Amino acid sequence: MPELPEVEFVARELNRIVGGQKIATAELLRARLAPDSQIPDFGGLLDRAKINFVHRRGKNILFDLDNRRTLLTHLRMSGRFMLLNGQADDPKFTHAVLHFVDGSRLVFQDQRHFGLMKVIETARLDLDPSIAKLAPEPFSEDFGPEYLREQLARSGRSLKEFLLDQTKVCGLGNIYASEAMFRAGISPKRKARNVPGVRIERLHRCIVDVLAEALAEVSGRTPNPAAIGEGVYGDGASGDWRVYEREGGPCRTCSAPIRRIKQGQRSTYYCPKCQR
DNA sequence: ACCCTCACCTGCACGC
DNA sequence: TGCGTGCAGGTGAGGG
């Protein structure tokens with residue numbers, strides 16, 4: 001489910017809550033969660049390791065371990081972590097569990113089975129395909145207007161599909177892509193390479209601002225250690241979007257009805273008057 | 001190098 | 001009530 005702001009928040013929460021914890025044993029309950037790993041391997045790669053810290057790259061959550069390995073996880077659409085104590089049962093759709101030496105455990109739960117886990121040699125982390133192909137971090141110097149200009153020029157796809165491509169711009173998902181295009185006043189149907197040069201700086205700023213504001217908003221919510229990420233995407237109603245999921249509603253700028261269209265099999269929301 | 005389609009799952013809201 | 005349809009905050013494989 002989550003996009004970069006939510007993933008960043010979850011990674012911070014995990015770092016706060018399980019950073020420094022030592023794994024006693026790791027259980028893989030659904031083999032396809034970690035397709036590169038045999039089930040017995042999974043425990044072997046993680047058992048007795050201490051979690052140094054938790055961070056993220058793109059939408060990947062990375063558990064840096066003291067055995068020279070990193071546990072990479074991707075929540076995809078419905079993955080979530082929960083920290084449980086001894087007595088509670090594992091929830092439905094639990095696919096992996098890290099049992100800590102203090103008796104608590106971190107559960108990975110995923111209703112739609114899209115999530116992924118992978119154990120990687122930390123020294124080779126940046127070479128892993130899921131990391132290596134990612135665009136620069138949107139809050140970094142490397143993601144500047146000039147970078148965006150070069151990438152836009154090379155793409156004949158619609159701007160919306162371009163923004164969802166994590167190898168071009170990383171961190172946006174279906175919500176914040178629509179929100180960023182609305183703020184920038186650019187039609188989602190416009191071809192990426194046809195975004196006028198004079199509007200690229202604004203588009204760049206809108207992407208960064210949308211993500212930064214969402215991160216600030218998400219970070220202000222009360223953390224729930226029993227369901228890390230709960231409240232982040234548990235109560236979607238808290239999202240105060242300008243266009244996302246507002247089909248037919250009045251544009252907050254010009255009152256024209258917000259439209260929904262399909263692009264690349266996914267919904268895009270936009271204002272046909274404000275976005276050209 | 002790029003772009004398109006399909007695939008992976010479950011559950012929920014909706015209309016008949 | 002039940003059944004069909006479409007929808008959901010993501011990506012990767014495999015083809016052109």
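Everything numeric here is computed off the predicted structure, so don't read it as measured data.
Remark: P of B:dC2 and CG of A:Leu152 are 13 Å apart, rounded to the nearest angstrom. The CG-C1' distance, from A:Leu134 to C:dG10, rounds to 13 Å in whole Å. Rounded to a whole Å, the CG atom of A:Leu164 is 15 Å from the C1' atom of B:dC4. In this structure, A:Asp36 atom CG and C:dG12 atom C1' are separated by 12 Å, rounded to whole Å. Remark: P of C:dG12 and NZ of A:Lys59 are 10 Å apart, rounded to the nearest angstrom. The distance between atom NZ of A:Lys133 and atom C1' of B:dC2, rounded to the nearest whole Å, is 13 Å. When rounded to the nearest whole Å, the span between CD of A:Glu161 and C1' of C:dG10 equals 14 Å. What separates CG of A:Leu75 from P of C:dG10 is a distance of 11 Å, to the nearest Å.
Taking every side-chain heavy atom of A:Arg32 into account, B:dC9 is the closest of B:dC9, C:dG10, B:dC4. Nearest nucleotide to the side chain of A:Ser155, out of B:dC2, C:dG9, B:dC3: B:dC3. Set against B:dC3, C:dG9, B:dT10, the side chain of A:Arg157 has B:dC3 as its closest nucleotide. Comparing C:dG9, B:dT5, C:dT11 against the side chain of A:Tyr244 picks out C:dG9 as the nearest. Side-chain proximity of A:Phe114 to the nucleotides B:dC9, B:dA1, B:dC4 is greatest for B:dC9.
As judged by a 4.0 angstrom heavy-atom cut-off over every strand, A:Gly156 is placed among residues touching the sugar-phosphate backbone only. Residue A:Gln166 is classed as a sugar-phosphate contact, given heavy-atom separations below 4.0 Å to backbone atoms only. As judged by a 4.0 angstrom heavy-atom cut-off over every strand, A:Lys168 is placed among residues making no nucleic acid contact. As judged by a 4.0 angstrom heavy-atom cut-off over every strand, A:Phe93 is placed among residues touching the sugar-phosphate backbone only. Contact annotation for A:Arg260: backbone-only contact, meaning every heavy-atom pair under 4.0 Å involves sugar-phosphate atoms and none involves a base.
Proximity of A:Arg112 to the phosphate of C:dG9: no side-chain N or O atom is located under 4.0 Å from OP1 or OP2. For C:dG10, neither phosphate oxygen OP1 nor OP2 lies less than 4.0 angstrom from any side-chain nitrogen or oxygen of A:His74. In this model, the phosphate group of B:dA1 is not approached by any side-chain N or O of A:Arg154 to a distance below 4.0 Å at OP1 or OP2. Considering only side-chain N and O atoms, A:Ser267 lies under 4.0 angstrom from the phosphate OP1 or OP2 of C:dA8. Contact between the side-chain N/O atoms of A:Lys92 and the OP1/OP2 oxygens of B:dG11 is found at a separation under 4.0 Å.
Residues passing the side-chain contact (heavy atoms from CB on, under 4.5 Å) test with A:Arg157 are A:Ser155, A:Glu161, A:Asp165, sequence neighbours excluded.
Projected onto DNA chain B by closest heavy-atom contact, A:Gly264 and A:Gln151 fall at different nucleotides, the more 5' of which corresponds to A:Gln151. DNA chain C is contacted by both A:Lys262 and A:Asn60; A:Lys262 maps to the nucleotide lying nearer its 5′ end (nearest heavy atom per residue). In this structure, A:Gln111 and A:Ser130 both approach DNA chain C, and ranking their closest nucleotides by distance from the 5' end singles out A:Gln111. Heavy-atom distances to DNA chain B give each of A:Asp165 and A:Gln265 a nearest nucleotide, and the one nearer the 5′ end belongs to A:Asp165.
Paired runs in DNA chain C that reach 3 or more consecutive Watson-Crick or G-U pairs, where each pair keeps both distances under 3.5 Å, cover B:2-8 with C:10-16, B:10-16 with C:2-8.
Under the 4.5 Å side-chain criterion, counting only non-hydrogen atoms from C-beta, A:Tyr270 is in contact with A:Lys189. Proximity of A:Leu72 to A:Ile131: side-chain heavy atoms (C-beta onward) are separated by under 4.5 Å at one or more points. The side-chain heavy atoms of A:Glu6 and A:Tyr176, taken from C-beta on, include a pair separated by under 4.5 Å.
Taking the six-membered ring for Trp and the full ring otherwise, the centers of A:His74 and A:Phe114 sit at least 6.0 Å from each other.
Ring orientation note: the planes of A:Phe53 and A:His55 are tilted relative to one another, at an angle of 30° to 60°.
Within 6.0 Å of atom CD in A:Gln263, more than 12 heavy atoms from other residues, nucleotides or ligands are found, so the atom counts as buried in its surroundings.
Look at the P atom in both B:dC9 and C:dA13: the space between them is 15 Å, to the nearest Å. Nucleotides C:dG9 and B:dC4 are separated by 23 Å at their C1' atoms, to the nearest Å.
Between the side chains of A:Asp128 and A:Ser130, at least one donor N or O sits under 3.5 Å from an acceptor N or O.
Residues A:Leu159 and A:Trp241 fall within the same hydrophobic cluster, defined by Ile, Leu, Val, Met, Phe, Trp and Tyr side chains chained together at heavy-atom separations under 4.5 Å.
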